[in-house]
2 protein chains.
Amino acid sequence: MHRETLQRYMNYLLLLTKLKNEGRATVTSDELAVREGVTGSRVRQDLSALRILGKPRQGYRIADLEILISSMLDILSAKPVALVGIGNLGRALVLSDIWSHAGFDLVALFDNDPALIGASVAGLPVRDAATMERFIQEQGIESACLALPADKAQAVVDRLVDAGVRALWNFALIDLDVPAGIIVENQRLEQGLMALSFRIAKRNQDDARSSQD
Amino acid sequence: MHRETLQRYMNYLLLLTKLKNEGRATVTSDELAVREGVTGSRVRQDLSALRILGKPRQGYRIADLEILISSMLDILSAKPVALVGIGNLGRALVLSDIWSHAGFDLVALFDNDPALIGASVAGLPVRDAATMERFIQEQGIESACLALPADKAQAVVDRLVDAGVRALWNFALIDLDVPAGIIVENQRLEQGLMALSFRIAKRNQDDARSSQD
DNA sequence: CCGCTCTCGGTACCCGGTTATCGATTCTAC
DNA sequence: GTAGAATCGATAACCGGGTACCGAGAGCGG
Ligand SMILES: NC(=O)c1ccc[n+]([C@@H]2O[C@H](COP(=O)([O-])OP(=O)(O)OC[C@H]3O[C@@H](n4cnc5c(N)ncnc54)[C@H](O)[C@@H]3O)[C@@H](O)[C@H]2O)c1
Ligand SMILES: NC(=O)c1ccc[n+]([C@@H]2O[C@H](COP(=O)([O-])OP(=O)(O)OC[C@H]3O[C@@H](n4cnc5c(N)ncnc54)[C@H](O)[C@@H]3O)[C@@H](O)[C@H]2O)c1
């Protein structure tokens, strides 16, 4: 499955939640399509690939779609995950509700700043990073999120992988080096900002060109 | 230009910076290709589209690539940008160095929390959100970043657009409603986490399947 | 100086994602 | 009940991003 396709499924899901809150029970392929900037055909093929059936003149049952897309993404489970680096970004992540929405359960916070250790964020204690390996092994945690300086990230990753972590969500701007089989999902915020810069430049060019005509 | 292609250019840029720091002056298409999981052919076509010429048996001059890709993305300029919502996420963004890397200059911080107004973050004062429109108009700011609660975002966006903002980098989990011509780049963190969940599920399935054989 | 090798630039081809189309089905209206 | 409209499911056609290939130029070794 290509990244674009995967993103479409996630957008369907977000859209469905919104529609459900509006009291809707069914949705047509064209409705989903226009909001995604794609054709009804594409949506029907996406859903058909998940063996989801709709009814002519009625559309698809929103509840069915939600369950099937969610289970494909495996976000109905609650995989335990640890967060390392409780700085500004880390705190924002702890306080957000994205973990449960994406099939994770944030169970542990780690930092090596004595001023932070022992504090509590959103009801979770900040643990000493020195105790990280032990806790992760004991709890069988296989996922971790990194919100710490780029120059500290690789060393922490090595320790995490040794302790049994097999999937990483990385916010540090660095290409992590991991053994085969370990998944790294990089969250590169500056890419979003660069994309914005490009789109602004493109719009300004287009505007200038069309005003010339 | 498709999103995937754009992302490839940004990755080239990050890679080039790294190579330059290692003292390299030139790079071959195959070198860039393997790190991007693509063929040398694709890289050469990408670069050729930017009218970048290489030399046989030598490759491309890194300095040239950096300048041309940077100018395509328009990240050499310093577009003024305002940040609204100086919570945990906002502070993390202020303190990061992504702004200049992506062609922006963070010039103003706004919040409506009296406890924050007047404080200083990274040398910038937090201004009263009530004075937002005026400041933005006076300074001719056309870009803004939103790091505030989803239920407050739309109202703030309406004010920003009225004041002249034409490009938005949005962290709130909501589909913003804006007039035509206004660019919105949504930074959906939970999509990265969902993608991680999907990749974990897929790997576990594959592992189970291959151990069956 | 002469091949030999490496890498670029261009072209042709391929593949898969996207769209278009059409028959089938179900609901509405009268 | 029948006509008509709407929407699905399937298939075919299209398109563009990606790859493979080949000829050309640039450096290297002898
Ligand atoms: N990729 C991006 O676009 C982007 C944007 C913003 C921030 N970031 C990254 O995220 C990181 C975190 O951002 P932030 O604003 O929260 O930074 P921060 O400095 O506020 O927080 C970093 C935290 O990590 C902790 N830490 C440092 N070394 C550690 C170690 N070895 N073990 C455990 N904890 C350790 C520190 O004590 C601190 O609390 C930044 O360093 C930055 O690289 C990336
Ligand atoms: N999309 C995601 O994946 C994701 C992840 C984390 C956070 N977020 C979003 O980012 C937002 C910010 O996160 P945070 O942790 O910094 O939240 P936060 O509550 O710490 O910060 C929000 C800030 O916005 C300010 N604010 C509220 N209303 C305002 C208004 N009308 N004008 C100006 N300022 C106003 C508040 O005073 C506060 O300082 C969250 O609400 C969340 O929706 C999104």
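In what follows, chains carry the letters A, B, and so on, assigned in the order in which the sequence lines appear, proteins first and then strands, with residues in each chain numbered from 1.
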Is there any protein nitrogen or oxygen under 3.5 Å from a nitrogen or oxygen in nucleotides 20-24 of chain D, and what are the pairs?
| residue | atom | partner | partner atom | Å |
| --- | --- | --- | --- | --- |
| D:dA20 | N7 | B:S41 | OG | 3.0 |
| D:dA20 | N6 | B:S41 | OG | 3.0 |
| D:dC21 | N4 | B:S41 | OG | 3.3 |

So which protein N/O to nucleotides 13-17 of chain D N/O distances come out below 3.5 Å?
none

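Taking atom CG on B:L32 and atom P on D:dT19, their separation rounds to 14 Å, with Å as the unit. Taking atom CG on A:D46 and atom P on D:dC8, their separation rounds to 13 Å, with Å as the unit. The CG atom of B:L47 sits 9 Å away from the P atom of C:dC8 (whole-angstrom rounding). When the P atom of C:dT18 is taken as reference, atom CD of A:Q7 falls 12 Å away, rounded to whole Å. Atom-to-atom, CZ of B:R51 to P of C:dC8 comes out at 19 Å; the value is rounded to the nearest Å. One can place CD of B:E36 at 14 Å from C1' of D:dG18, the figure rounded to the nearest angstrom. At whole-Å resolution of the value, CG in A:D30 and C1' in C:dT19 are 12 Å apart.
Projected onto DNA chain D by closest heavy-atom contact, A:L53 and B:G40 fall at different nucleotides, the more 5' of which corresponds to A:L53. Nearer to the 5' terminus of DNA chain C, by closest-nucleotide assignment, is the contact made by B:G59 (compared with the other of A:Q58 and B:G59).
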Determine, stepwise, if the pair B:W169 / B:F104 fulfils side-chain contact (heavy atoms from CB on, under 4.5 Å).
-> CA-CA 12 Å; B:W169 191 28; B:F104 288 91; over 6 Å; no
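Distances shorter than 4.0 Å separate none of the side-chain N or O atoms of B:S48 from OP1 or OP2 on C:dC8.
Under a cut-off of 6.0 angstrom, the local environment of CZ in A:R61 is sparse, with at most 12 non-hydrogen atoms contributed by other residues, nucleotides or ligands. With a 6.0 Å radius and a threshold of 12 heavy atoms from other residues, nucleotides or ligands, A:E4 has its CD atom at or below the threshold.
At a threshold of 4.0 Å, the pair B:K18-B:E31 does not count as salt-bridged, since none of the basic side-chain nitrogens sits closer than that to a carboxylate oxygen. Between A:R24 and A:E66 there is no salt bridge, since no side-chain nitrogen of the basic residue lies less than 4.0 Å from a carboxylate oxygen of the acidic one. Between A:D206 and A:R199 no salt bridge is recorded (no basic side-chain N to carboxylate O distance below 4.0 Å).
In this structure, A:R8 CZ and A:I69 CD1 are separated by 11.0 Å, a value rounded to the nearest 0.5 Å.
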Cut-off 3.5 Å, no hydrogens considered: what does the side-chain donor-acceptor table look like for residues 139-151 of chain A, sequence neighbours left out?
none

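Of all nucleotides listed (D:dC8, C:dT26, D:dG27), D:dG27 comes nearest to the side chain of B:R57.
Proximity of B:L73 to B:M10: side-chain heavy atoms (C-beta onward) are separated by under 4.5 Å at one or more points.
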